[in-house]
Amino acid sequence: MALKDKTVEKLQGELKGLKMINGALIGVLIFLFIVCIYGIVTKEDNSTFRALIVVPLALSAIIPLNYGNMKKIKKELELRK
């Protein structure tokens, strides 16, 4: 469904949901990255942490996509005012 076909309330709800999801994603990725760095620095057998550090780096690509969607929704809401 295109943004033009959605109601203002639905767009505002979607924007709020994207903000919450993006915030939670950033928090979890930062936590996982810190745990991986801690494991690499402190553990003698750090092969698991070295392999696991790829996960937050790869999933961080979702964040700019979410910001792009949020920007589109904000622009659509501004056009409707």
Side-chain angles (χ1 to χ4, degrees):
M1 184 180 234
L3 292 178
K4 295 177 184 177
D5 299 335
K6 295 181 181 179
T7 64
V8 173
E9 292 81 20
K10 186 151 179 129
L11 287 174
Q12 288 173 340
E14 207 171 300
L15 182 63
K16 187 177 181 181
L18 276 173
K19 284 181 182 179
M20 288 189 333
I21 289 170
N22 220 20
L25 179 64
I26 289 169
V28 168
L29 291 179
I30 288 172
F31 176 73
L32 183 57
F33 188 74
I34 290 170
V35 167
C36 288
I37 295 297
Y38 175 77
I40 289 171
V41 171
T42 61
K43 303 294 181 185
E44 194 164 311
D45 181 24
N46 58 13
S47 59
T48 303
F49 293 105
R50 275 197 260 157
L52 195 60
I53 202 162
V54 174
V55 175
L57 296 175
L59 292 180
S60 65
I62 296 171
I63 296 169
L65 294 174
N66 280 346
Y67 276 119
N69 288 337
M70 288 167 43
K71 189 175 180 180
K72 289 177 187 175
I73 292 172
K74 287 179 184 178
K75 185 177 179 183
E76 181 67 29
L77 287 171
E78 285 295 320
L79 289 174
R80 294 187 184 190
K81 284 187 179 179

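Scope of the values below: all heavy atoms of this structure, side chains included, with no hydrogens, waters or symmetry mates. Values in this document were obtained by computation on a predicted structure and should not be read as measured data.
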- [ ] With the side chain counted from C-beta on, respond yes when Phe33 and Leu29 share a heavy-atom pair under 4.5 Å apart, and no when they do not.
- [x] no

Open item on the list: Less than 4.5 Å apart, side chain to side chain, heavy atoms only: is that true for Phe49 and Val35?
Closed with: yes

TODO: In plain terms, say whether Glu78 and Lys74 are close enough for a salt bridge, that is, a side-chain N and a carboxylate O under 4.0 Å apart.
DONE: no

Task: CG on Asp45 to CZ on Arg50, rounded to 0.5 Å - done: 8.5 Å

Task: Heavy-atom closest contact (Glu14 atom, Lys6 atom, distance) - done: OE1-NZ, 2.7 Å

Open item on the list: For residues Ile37 and Ile30: do they belong to one hydrophobic cluster (side chain heavy atoms under 4.5 Å, members Ile, Leu, Val, Met, Phe, Trp, Tyr)?
Closed with: no

TODO: Could you tell me which non-hydrogen atom of Leu3 sits nearest to which non-hydrogen atom of Arg80, and how far apart they are?
DONE: O-NH2, 2.8 Å

- [ ] Looking only at non-hydrogen atoms, find the nearest pair between Asn46 and Ile40 and report the distance.
- [x] ND2-O, 3.1 Å

Open item on the list: Under 4.5 Å between side-chain heavy atoms, counting indirect links through other Ile/Leu/Val/Met/Phe/Trp/Tyr residues: same cluster for Leu32 and Ile21 or not?
Closed with: no

TODO: Measure the spacing between CG of Leu18 and CD1 of Ile73 and express it to the nearest 0.5 Å.
DONE: 5.0 Å

Open item on the list: Between Phe31 and Val28, is there shared hydrophobic-cluster membership here, with clusters defined by ILVMFWY side-chain heavy atoms closer than 4.5 Å?
Closed with: no

TODO: Please name the residue in the list Leu57, Val55, Ile53 that meets the side chain to side chain contact (heavy atoms under 4.5 Å, CB included) test with Cys36.
DONE: Ile53

Open item on the list: Within this structure, what is the CD1-CD1 distance for the pair Ile63 and Ile26, rounded to the nearest 0.5 Å?
Closed with: 4.5 Å

